[in-house]
Number of protein chains: 2
Amino acid sequence: MDDIDRALVRRLQEDAGQSYAALGAAVGLSAGATHERVRKLRERGVILRTTVEVDPAAVGSGVLAYVMVDSRAWMGDSREAFEAIAEIQEAHIIAGSASVLVKVRTATTGQLQDVLRRLYAIDGVSGTQATVVLETFFERSLPL
Amino acid sequence: MDDIDRALVRRLQEDAGQSYAALGAAVGLSAGATHERVRKLRERGVILRTTVEVDPAAVGSGVLAYVMVDSRAWMGDSREAFEAIAEIQEAHIIAGSASVLVKVRTATTGQLQDVLRRLYAIDGVSGTQATVVLETFFERSLPL
DNA sequence: AGTGCCCGGTCGATGTCGTCCACGCGCTGT
DNA sequence: ACAGCGCGTGGACGACATCGACCGGGCACT
């Protein structure tokens, strides 16, 4: 994991569709060597997968909210319960007064309310505190 | 934006590296037609870009935290100030007691503290409330 | 210091794939 | 009924990923 690897990852984050020749030229390597480096980055698990970034508003998920979930029990074994709610994009165990933080995307605030209802139905959940996003400044990839 | 388009986007989210032939076979289309549909999805802005997903821990960002930022002034014009802090991955204007919510990734809690210091330095910021993530259940792509 | 090994690079060949074009089918509106 | 058009198919061509053979520099061991 040297400077060249970091440069490759950074450029792949911006555009994973470019050719290995172009990628290599940008960092001063041949296409073959570039291919080999990227293969190893995948093998080592640095690059998990190549995917497409989708505009949430274009696929009917214009409402974004973060929900603090309070509980009366240990939530560490409830991963599946949160995964089963399709509108939940992220779920984290957190330190602090609440015990779980989830990121929710829905088409309308009505559907958001329905997600909250389903959160209450999860075993051990004693309350929720939803924070609706009014405007997203930016969402970007990891710094290197 | 019909069922086929949604299926294409879903499969591209899982693996953007597969061939148009394989992609087309999965939805019952020829490679050429598949190529054309994906081209239009990009043109319409449904697909924003193709990128690689990187393991945060592998690139030295093992600590994740969400920070509620309180302010004594309107923060709607402060996008650049948040963008300038490289460790901030997301920044949103929110409804509620705080005014901005940011997602921060750092290598250590010490660096997290440094980010909080830099947040305080932003004009109008009157306080922060950081929530450290202990365990991430999952982070996944948008539902369709 | 000599020597052998290995990691990591260049170069070139080959088969697959993206990309474009000409054509045909079925819907729609007049 | 028919013209127009959006959307699909199939084939041709060039670019690209992918692999193997070769090579040089650094390192450990003698």
Side-chain angles (χ1 to χ4, degrees), chain A residues 1-62 86 107 139-144, chain B residues 1-62 86 107 139-144:
Chain A
M1 196 66 200
D2 57 4
D3 288 336
I4 292 182
D5 281 334
R6 268 183 289 274
L8 288 175
V9 171
R10 201 178 310 119
R11 285 173 184 278
L12 283 174
Q13 282 179 332
E14 289 164 14
D15 178 13
Q18 65 190 298
S19 73
Y20 284 111
L23 202 54
V27 300
L29 245 56
S30 73
T34 305
H35 184 263
E36 179 64 11
R37 281 205 180 234
V38 173
R39 193 193 61 76
K40 284 181 181 169
L41 284 168
R42 291 182 190 280
E43 188 181 85
R44 272 182 267 155
V46 177
I47 293 177
L48 297 170
R49 60 173 181 169
T50 115
T51 182
V52 292
E53 198 177 296
V54 175
D55 180 11
V59 295
S61 294
E139 291 181 280
R140 61 188 176 194
S141 42
L142 288 174
L144 294 174
Chain B
M1 194 69 199
D2 58 4
D3 288 337
I4 293 182
D5 280 335
R6 269 183 288 274
L8 288 175
V9 171
R10 201 178 310 118
R11 286 172 184 277
L12 282 174
Q13 282 179 333
E14 288 164 14
D15 178 14
Q18 66 191 297
S19 74
Y20 284 110
L23 202 54
V27 299
L29 244 56
S30 72
T34 305
H35 184 261
E36 179 64 10
R37 281 205 181 235
V38 174
R39 195 193 60 75
K40 284 180 182 170
L41 285 169
R42 292 181 190 282
E43 188 181 85
R44 272 183 268 156
V46 176
I47 294 177
L48 298 170
R49 59 172 182 171
T50 116
T51 183
V52 291
E53 199 177 295
V54 176
D55 180 12
V59 295
S61 294
E139 291 182 280
R140 62 188 175 192
S141 42
L142 288 175
L144 294 174

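Chain A is the first sequence line, chain B the second, and so forth, proteins listed ahead of strands; every chain is numbered from 1. Treat the numbers as computed from the prediction; the structure is a model and nothing was measured.
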Atom pair distance, as rounded to whole Å: CG in B:L29 and C1' in D:dG8: 7 Å
A:S61 side-chain N/O to A:A57 backbone N/O, donor-acceptor pair under 3.5 Å: no
Value in whole Å for how far the P atom of D:dC16 lies from CD of A:Q18: 12 Å
Minimum-distance nucleotide to B:R37 side chain [options: D:dT18, D:dC7, D:dT9]: D:dC7
Euclidean distance, atom NE2 of residue B:H35 to atom C1' of D:dA15 [Å, nearest integer]: 13 Å
Carboxylate-amine/guanidinium proximity below 4.0 Å for B:D5 and B:R37: yes
Side-chain heavy-atom pair B:V52, A:T51 within 4.5 angstrom cut-off: no
Ion pair check, B:E14 and B:R10, cut-off under 4.0 Å: no
CZ/B:R11: more than 12 non-hydrogen atoms of other groups inside 6.0 Å: no
Evaluation steps, side-chain contact (heavy atoms from CB on, under 4.5 Å), between B:L23 and B:H35: CA-CA 9 Å; B:L23 202 54; B:H35 184 261; over 6 Å; no
A:D55 and B:R44, any side-chain heavy atoms less than 4.5 Å apart: no
Protein-nucleotide distance (A:Y20, atom OH; D:dA15, atom C1'), rounded to Å: 15 Å
Along DNA chain C, first and last positions that approach a heavy atom of chain A under 4.0 Å: C:dG8 to C:dT10
Length of the line joining B:I4:CD1 and D:dG6:C1', which is rounded to integer Å: 14 Å
Angle between terminal axes - the helix from C:dA1-D:dT30 to C:dT30-D:dA1, 5 pairs each end, rounded to 10°: 40°
Inter-residue atom distance A:E53.CD - B:Q13.CD, 0.5 Å rounding: 10.5 Å
Pairing of B:E36 and B:R39 as salt bridge, 4.0 angstrom limit: yes
Between C1' of D:dC7 and CG of B:D2, the distance in whole Å: 11 Å
Length of the line joining B:E36:CD and D:dG10:P, which is rounded to integer Å: 17 Å
d(CG, B:D3; P, D:dC7) in whole Å: 15 Å
Out of D:dC16, D:dC7, D:dT18, whichever nucleotide has its closest atom nearest the side chain of A:S19: D:dC16
